[in-house]
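Structure first, then comments.
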Amino acid sequence: MNGEQVFADTIAKDQRVEPRDWMPDGYRKTMIRQIAQHAHSEIIGMQPEGEWITRAPSLRRKAILLAKVQDEAGHGLYLYSAAETLGADRGDLTRRLIEGRQKYSSIFNYPTLSFADVGVIGWLVDGAAICNQVPLCRSSYGPYGRAMIRICKEESFHQRQGYELLMTMMGGTPQQREMVQDAVNRWWWPSLMMFGPPDDQSPNSAQSMAWKIKRHSNDELRQRFVDMSVPQAEALGVTLPDPELTWNAERGHYDFGTPDWDELKRVISGDGPCNSLRIENRRRADEDGAWVREAAAAHAAKKAGVAA
Ligand code: 3HC
């Protein structure tokens, strides 16, 4: 069998495509696209919660938040490394992000206005990430699927710590309960948008599902997330800001309203509340860190020189 037949056979048998295997250029291109944007999302995602590390209300909350933000950096590292196995260059990917030639998740372009946002991000945003990323553990590209296994384990800590924080606040003062409800009102719809546009407006889904990169469609995973979140919201004692949210016994799922797809388009195209701040911070961090990368490269070259 030639490369093309081996690739098709691998996908048909639900086996893994590995870095040294032949793969269609389109497969390599879309894998680099998805993995790079996922990595960018993890790194940019450090910013919204990172803003609260110095303002955490206790040492325990600070330590938990530090661990979580540090995890996101690690997730970015695993994913950039997975992208490199496809021939991508990490420096080039960072430039594409900073120059707006590659995307990152829309969700990280919203402001974190109170400490309750840290809990809601853990509960809803990391909860949505779990819904989206668990199926990616079975993605056909080996390094990506394997990176997902550890990332998902850490995401479940992220989700639990957020929910526990909210349970504590909901057991607190009326002001704390109001802070939680306000944060839920602001983060619910952007969390639904994390799953991408509706299936009939998703240009990549058909091919990504044929190549078993994606195992479920955007709408399927969004529905799974809503079904998971409604009982959690009830247990927490908050209301979700969607008057159309109701259990549909026939479907066996919750019916819910329509996200504002124009808002998603605006935020993806750079016109969200925090887009320029997030990219400016990323650009500055990249510039400030240039000397570390240069020193590490010089040291490696010197060591290699010594070895030769
Ligand atoms: N934010 C930004 N861009 C988005 C988006 C979103 N919420 N949803 C879709 N897009 C972009 C897509 O990237 C694509 O643009 P491109 O072709 O230039 O890449 C376009 O909108 C059309 O969307 P499609 O549905 O056709 O694209 P995909 O098939 O790639 O599906 C996706 C989008 C569901 C995000 C898929 O790429 C995916 O599952 N990616 C891996 C997971 C991921 O990146 N999650 C982001 C959150 S990171 C995170 O959860 C960190 C955690 O710690 C919180």
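As the structure is a computational prediction, the values presented were derived from the model and not from experiment. Counting starts at 1 for both ligands and their atoms, following the listed order.
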What do we get for [X] next to ligand 1 when only non-hydrogen atoms under 4.0 Å count, side chain, backbone, both or neither?
X    : result
V267 : neither
K103 : side chain
N204 : both
N218 : side chain
H158 : neither

Residue-ligand contact [X]/ligand 1, heavy atom below 4.0 Å:
X    : result
G45  : no
L136 : yes
Q133 : yes
Q102 : no

Per atom 3 (N) of ligand 1, closest listed option by heavy atom (I268, V69, N109):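 Of the listed residues, I268 has the closest heavy atom.
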Quick test of your reading of the structure: of E154, K214, Q201, Q34, whose heavy atom lies closest to atom 28 (P) of ligand 1?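 Considering heavy atoms of E154, K214, Q201, Q34, the nearest to atom 28 (P) of ligand 1 sits in K214.
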If you take all heavy atoms of [X] and [Y], which pair is closest and at what distance?
X    : Y    : answer
D117 : A183 : OD1-CB, 3.7 Å
W247 : A249 : NE1-CA, 3.5 Å
I107 : S191 : CD1-N, 3.6 Å

Nitrogen or oxygen atoms of [X] and ligand 1 under 3.5 Å apart:
X    : answer
Y144 : no
M193 : yes
H75  : no
P203 : yes

According to the interplanar angle, ranging from 0 to 90°, do the rings of F7 and W22 count as parallel (below 30°), tilted (30 to 60°) or perpendicular (above 60°)?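 Perpendicular.
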[atom]: the protein heavy-atom neighbour that sits closest, reported with distance to 0.1 Å:
atom                    : value
atom 24 (P) of ligand 1 : S202 OG, 3.4 Å
atom 42 (C) of ligand 1 : N132 OD1, 3.1 Å
atom 34 (C) of ligand 1 : F195 O, 3.7 Å
atom 12 (C) of ligand 1 : R33 NH1, 4.2 Å
atom 50 (O) of ligand 1 : A129 CB, 3.2 Å
atom 48 (S) of ligand 1 : S41 CB, 3.4 Å
atom 35 (C) of ligand 1 : M194 O, 4.2 Å
atom 2 (C) of ligand 1  : Y104 O, 3.2 Å

Should W189 and L113 be regarded as members of a common hydrophobic cluster, given that ILVMFWY residues are connected when their side-chain heavy atoms come within less than 4.5 Å of each other, either directly or indirectly?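 Cluster IDs for W189 and L113 differ.
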Find out if a path of hydrophobic residues (ILVMFWY) with successive side-chain heavy-atom gaps under 4.5 Å connects I98 to L77.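 No: no chain of side-chain contacts under 4.5 Å links I98 to L77.
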[X] side chain vs [Y] backbone, donor-acceptor pair below 3.5 Å:
X    : Y    : answer
K62  : A56  : no
D219 : D199 : yes
E154 : I151 : no
N281 : R278 : no

Close aromatic pair by centroid cut-off 6.0 Å: H38 and Y104: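 No.
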For atom CZ of R20, is the number of surrounding heavy atoms from other residues, nucleotides or ligands below 6.0 Å larger than 12?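 Not more than 12 within 6.0 Å, no.
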Quick check: are there more than 12 heavy atoms from other residues, nucleotides or ligands sitting under 6.0 Å from CD of E234?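 Enclosed: over 12 neighbouring heavy atoms sit under 6.0 Å from CD of E234.
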Residue that, paired with F225, satisfies ring pair (Phe, Tyr, Trp, His ring centres under 6.0 Å) out of Y254, W123, W188: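 In the set Y254, W123, W188, the residue that makes a ring pair (Phe, Tyr, Trp, His ring centres under 6.0 Å) with F225 is W188.
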Using a strict 4.0 Å cut-off to heavy atoms of [X], name the atoms of ligand 1 that fall inside it.
X    : value
F108 : 54 (C)
E42  : 51 (C), 52 (C), 53 (O)
G196 : 8 (N), 9 (C)

Can a protein heavy atom be found under 4.0 Å away from atom 32 (C) of ligand 1?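 For atom 32 (C) of ligand 1 the answer is no, since every protein heavy atom stays at 4.0 Å or beyond.
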Salt bridge present between R284 and E287 (N-O < 4.0 angstrom):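 Salt bridge absent between R284 and E287.
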